[in-house]
Amino acid sequence: MSNKTDVRLAVKHHLHPFSDNAELKKHGVRMMVKAKGIYVYDSDGNEIIDGMAGLWCVNIGYGEKKLAKIAEKQMQVLPFYNTFFKTTHPAIIKLSEKLVEITPEGFNHVFYTNSGSESVDTMIRMVRHYWASVGKPSKKVIIGRWNGYHGSTLGGASLGGMKSMHEQGDLPIANIVHIEQPWYYGLAKTGESEEEFGIRAANWLEEKILSLGADKIAAFVAEPIQGAGGVIIPPASYWPRIEAICKRYDVLLVADEVICGYGRTGRWFGFETFGFTPDIFTTAKGLSSGYLPIGAVLVNDKVTEGLLAGGEFNHGFTYSGHPVSAAVACANLNIIDKKNLIEKVRTKTGPYMRKRWQETFSQFKYVADIRSEGLMCGFTLVKNRDTREFFDDFGTTGLICRDIFFKNNLIFRACGDHIVAAPPLIISKKEIDNMLAIASVCMREFEELMDKKLDCKTDKAA
Ligand code: PXG
């Protein structure tokens, strides 16, 4: 079957997620057929550097045979059994022990899901059920942030702050509100230091709590670093202040670790990098490095105690704690441990990436706010970096840039006009150099294109 036939078939019946499917039918898609290490290969035989680890998830890289073997073995022995009705199985016991081992003191319980969105929806129901169980049923409102991303289910999309998602399907659902994101480059006042901005941004939470009444607020939920929002890294002063505000008003603090979790920021979890401790945290993606779908919600002892007092929690998925996913996730966490990937990101590849990412992109005039933490990196495309002037129609320019990378067999992601990267945690320094050498060539092409576009506009105006 030639690639052309394949590609036509690919869009004939399949409605792709987060895509303009009418456009895909016209222009087709690219078919990925295999992968190894940090590379994916398409049906034309191109080797592509996956600077996004799939969708921020393939932390251990592609092609780990051990996971395939473990999945096969588990499928032969016990391909499925549920954990609903007074039953369990060894794979989920092992995974739970491993998760408790890698999380900080005070986290001893896990609820399983199949995705980040399900983890977030589970957390929403859990938080409200917790407050009802401890005699404070009026605490229902959950505060998220604009430009946050928490998934595509009704709860996740509501809690996320993506206006384009709210516009489809009558969102947000009731009792979900948002505060502004802690984006220094975009929102700081002239002359304001990062530290001052971090405190001001955290105080937006206090203002929201006070305006609605603390007796109504159940939880504040946020990603330690906003991922799909464009790798928005808050100032160091932000998270400790947020934690203090949550404590002061008896509001549960929830970290959405779906992207930051399992090593991405150079610690097991993003909250460790930023020095705070949540009450609950939601995870998925890197838990199995994307080899199979699985998510987990980690719950601290205080919330667990409240939940236990509340009787039956009427919530769960057929595949909560699926044995094959659980066995693969456990093996994945052991590989992260054995290969010392987290320390490697924190002390070697993370700092190296930060230096090289800065050096590479600071040469280009349409680039501002170059940032990174561990192996989560971003920068913002701007018309003028000194005056902080953005391109018209935020997001259009990002896609132009992203498409140039993609044409040159490099996958980065455009989140609006933020360009981001999150490669597999196994990436070596040499691979970082190769990846950024290609990126540099792409950026030159992008710069020339934008020069022409802007010249053209100036000519027309003149
Ligand atoms: N929380 C966070 C922080 C996420 O990043 C979810 C929840 C939902 O996870 P699931 O597994 O239901 O997709 C996510 C997912 C992108 C992109 O293009 C990001 C995500 C998913 C798909 C695409 O940046 N993040």
Contact list for [range], test salt bridge (Lys or Arg N to Asp or Glu O under 4.0 Å), sequence neighbours left out:
range            : value
residues 335-345 : Glu64-Lys339, Lys98-Asp337
residues 362-376 : Arg354-Glu373, Lys365-Asp451, Asp369-Arg371
residues 376-386 : Lys383-Glu389, Lys383-Asp392

Heavy-atom pair with the smallest gap, counting every atom of [X] and [Y]:
X      : Y      : value
Gly398 : Ala414 : O-CB, 3.4 Å
Glu257 : Pro224 : OE2-CG, 3.4 Å
Lys285 : Val258 : CB-O, 3.4 Å
Val382 : Val367 : CG2-C, 4.3 Å
Ala53  : Pro423 : CB-C, 3.8 Å
His109 : Val100 : N-CG2, 4.4 Å

**Report entry** Which residues share a ring pair (Phe, Tyr, Trp, His ring centres under 6.0 Å) with Tyr185, sequence neighbours left out
**Finding:**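 With sequence neighbours excluded, Tyr185 shows a ring pair (Phe, Tyr, Trp, His ring centres under 6.0 Å) to no residue whatsoever.
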Query - Partner set under ring pair (Phe, Tyr, Trp, His ring centres under 6.0 Å) for Tyr291, not counting sequence neighbours - result: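 In terms of ring pair (Phe, Tyr, Trp, His ring centres under 6.0 Å), with neighbours along the sequence ignored, Tyr291 is linked to no residue.
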Any sub-3.5 Å donor-acceptor pair from [X]'s side-chain atoms to [Y]'s backbone N or O?
X      : Y      : result
Asn300 : Lys302 : yes
Arg128 : Lys140 : yes
Gln168 : Met165 : no
Arg267 : Ile342 : no
Ser320 : Tyr112 : yes
Ser440 : Ala437 : no
Gln226 : Pro234 : no
Ser325 : Pro293 : yes
Ser19  : Pro17  : yes
Ser372 : Cys377 : no

**Report entry** Residue pairs passing the ring pair (Phe, Tyr, Trp, His ring centres under 6.0 Å) test where at least one lies in residues 417-443, sequence neighbours excluded
**Finding:**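 As it turns out, the ring pair (Phe, Tyr, Trp, His ring centres under 6.0 Å) pairs with a partner in residues 417-443, which skip direct neighbours, are Trp183-His418, Phe394-His418.
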Requested in this report: Could you name each residue pair satisfying ring pair (Phe, Tyr, Trp, His ring centres under 6.0 Å) that touches residues 28-61, not counting sequence neighbours?
Outcome: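 Pairs touching residues 28-61 that pass the test: none.
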Identify each donor-acceptor pair in which a side-chain atom of residues 404-412 lies under 3.5 Å from a protein atom, sequence neighbours left out, and give them as a table.
from: Lys407; atom 1: NZ; to: Glu445; atom 2: OE2; distance (Å): 2.4
from: Asn408; atom 1: ND2; to: Ile404; atom 2: O; distance (Å): 2.8
from: Asn409; atom 1: OD1; to: Arg30; atom 2: NH2; distance (Å): 2.4

Query raised in the report: Any ion pair linking Glu359 and Lys355 (charged N to carboxylate O, less than 4.0 Å)?
Result: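 So Lys355 pairs with Glu359 through a salt bridge.
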**Report entry** Any donor-acceptor N or O pair under 3.5 Å, side chains Ser289, Tyr262
**Finding:**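 Distance-only check fails for Ser289 and Tyr262.
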Query raised in the report: Is the closest side-chain donor-acceptor distance between Tyr62 and Asp50 under 3.5 Å?
Result: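 Per modelled atom types, Tyr62 and Asp50 side chains form a pair under 3.5 Å.
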Query raised in the report: Checking side-chain contact (heavy atoms from CB on, under 4.5 Å) for the pair Val254/Val120: CA distance, chi angles, key distance, verdict?
Result: CA-CA 10 Å; Val254 180; Val120 167; over 6 Å; no
What distance separates [X] [atom1] from [Y] [atom2], expressed to the nearest 0.5 Å?
X      : Y      : atom1 : atom2 : answer
Ile432 : Lys348 : CD1   : NZ    : 12.5 Å
Glu431 : Ile38  : CD    : CD1   : 4.0 Å
Leu454 : Leu449 : CG    : CG    : 9.5 Å
Ile232 : Leu187 : CD1   : CG    : 8.5 Å

Query raised in the report: Which residue, Phe107, Trp268, Phe111, forms the ring pair (Phe, Tyr, Trp, His ring centres under 6.0 Å) with Phe281?
Result: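 Of the listed residues Phe107, Trp268, Phe111, the ring pair (Phe, Tyr, Trp, His ring centres under 6.0 Å) partner of Phe281 is Phe107.
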Identify all side-chain donor-acceptor contacts of residues 148-159 below 3.5 Å with residues at least two apart in sequence or on another chain.
from: Tyr149; atom 1: OH; to: Ser152; atom 2: OG; distance (Å): 3.3
from: His150; atom 1: ND1; to: Asp256; atom 2: OD2; distance (Å): 2.7
from: Thr153; atom 1: OG1; to: Asp121; atom 2: OD1; distance (Å): 2.8
from: Thr153; atom 1: OG1; to: Asp121; atom 2: OD2; distance (Å): 3.4
from: Thr153; atom 1: OG1; to: Gly156; atom 2: N; distance (Å): 3.4
from: Ser158; atom 1: OG; to: Leu154; atom 2: O; distance (Å): 2.6
from: Ser158; atom 1: OG; to: Ile173; atom 2: N; distance (Å): 2.9

Query raised in the report: Does any pair with a residue in residues 172-182 pass side-chain hydrogen bond (donor to acceptor under 3.5 Å, both in side chains), and if so which ones, sequence neighbours excluded?
Result: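 side-chain hydrogen bond (donor to acceptor under 3.5 Å, both in side chains) check on residues 172-182 returns Asn147-Gln181.
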Query raised in the report: Can you list every pair that meets side-chain hydrogen bond (donor to acceptor under 3.5 Å, both in side chains) and has a residue in residues 241-251, with sequence neighbours left out?
Result: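 Sorted result for residues 241-251: Lys136-Asp250, Asn203-Arg241, Glu206-Arg248, Glu206-Tyr249.
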Taking side chain as C-beta onward, heavy atoms only, is [X] less than 4.5 Å from [Y]?
X      : Y      : value
Leu95  : Val110 : no
Ile294 : Tyr319 : no
Ile427 : Met435 : yes

Query raised in the report: Ile179 and Arg145: side-chain contact (heavy atoms from CB on, under 4.5 Å), yes or no, with the steps?
Result: CA-CA 5 Å; Ile179 59 169; Arg145 298 184 303 188; 3.9 Å; yes
Requested in this report: Assign the ring pair Phe361 / Phe379 to parallel, tilted or perpendicular, where the plane angle (0 to 90°) is split at 30° and 60°.
Outcome: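 Geometry flag for Phe379 against Phe361: tilted rings.
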Requested in this report: On the 0 to 90° scale, with breaks at 30° and 60°, tag the Trp239-Phe220 ring pair as parallel, tilted or perpendicular.
Outcome: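 If you compare the ring of Trp239 with that of Phe220, the planes turn out tilted.
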Query - Step-by-step side-chain contact (heavy atoms from CB on, under 4.5 Å) determination, Asn332 to Leu287 - result: CA-CA 7 Å; Asn332 168 62; Leu287 171 54; 5.5 Å; no
Query - Residue list, salt bridge (charged side-chain N to carboxylate O under 4.0 Å, His left out) with Glu223, at least two apart or on another chain - result: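 Partners of Glu223 by the salt bridge (charged side-chain N to carboxylate O under 4.0 Å, His left out) criterion come out as none, since no residue qualifies.
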Report task. Report the C-alpha separation of Ser288 and Leu67 in whole Å, then their side-chain angles, then the decisive distance to 0.1 Å, and conclude whether the side-chain contact (heavy atoms from CB on, under 4.5 Å) test is met. Result -> CA-CA 9 Å; Ser288 64; Leu67 295 198; over 6 Å; no
Validation row, ring centre [X] to ring centre [Y] under 6.0 Å:
X      : Y      : result
Phe271 : Phe269 : yes
Tyr366 : Phe391 : yes
Phe364 : Phe446 : no

Query raised in the report: Hey, is CD on Glu105 packed in by over 12 heavy atoms from elsewhere, all under 6.0 Å?
Result: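 Check fails, neighbour count at 12 or below.
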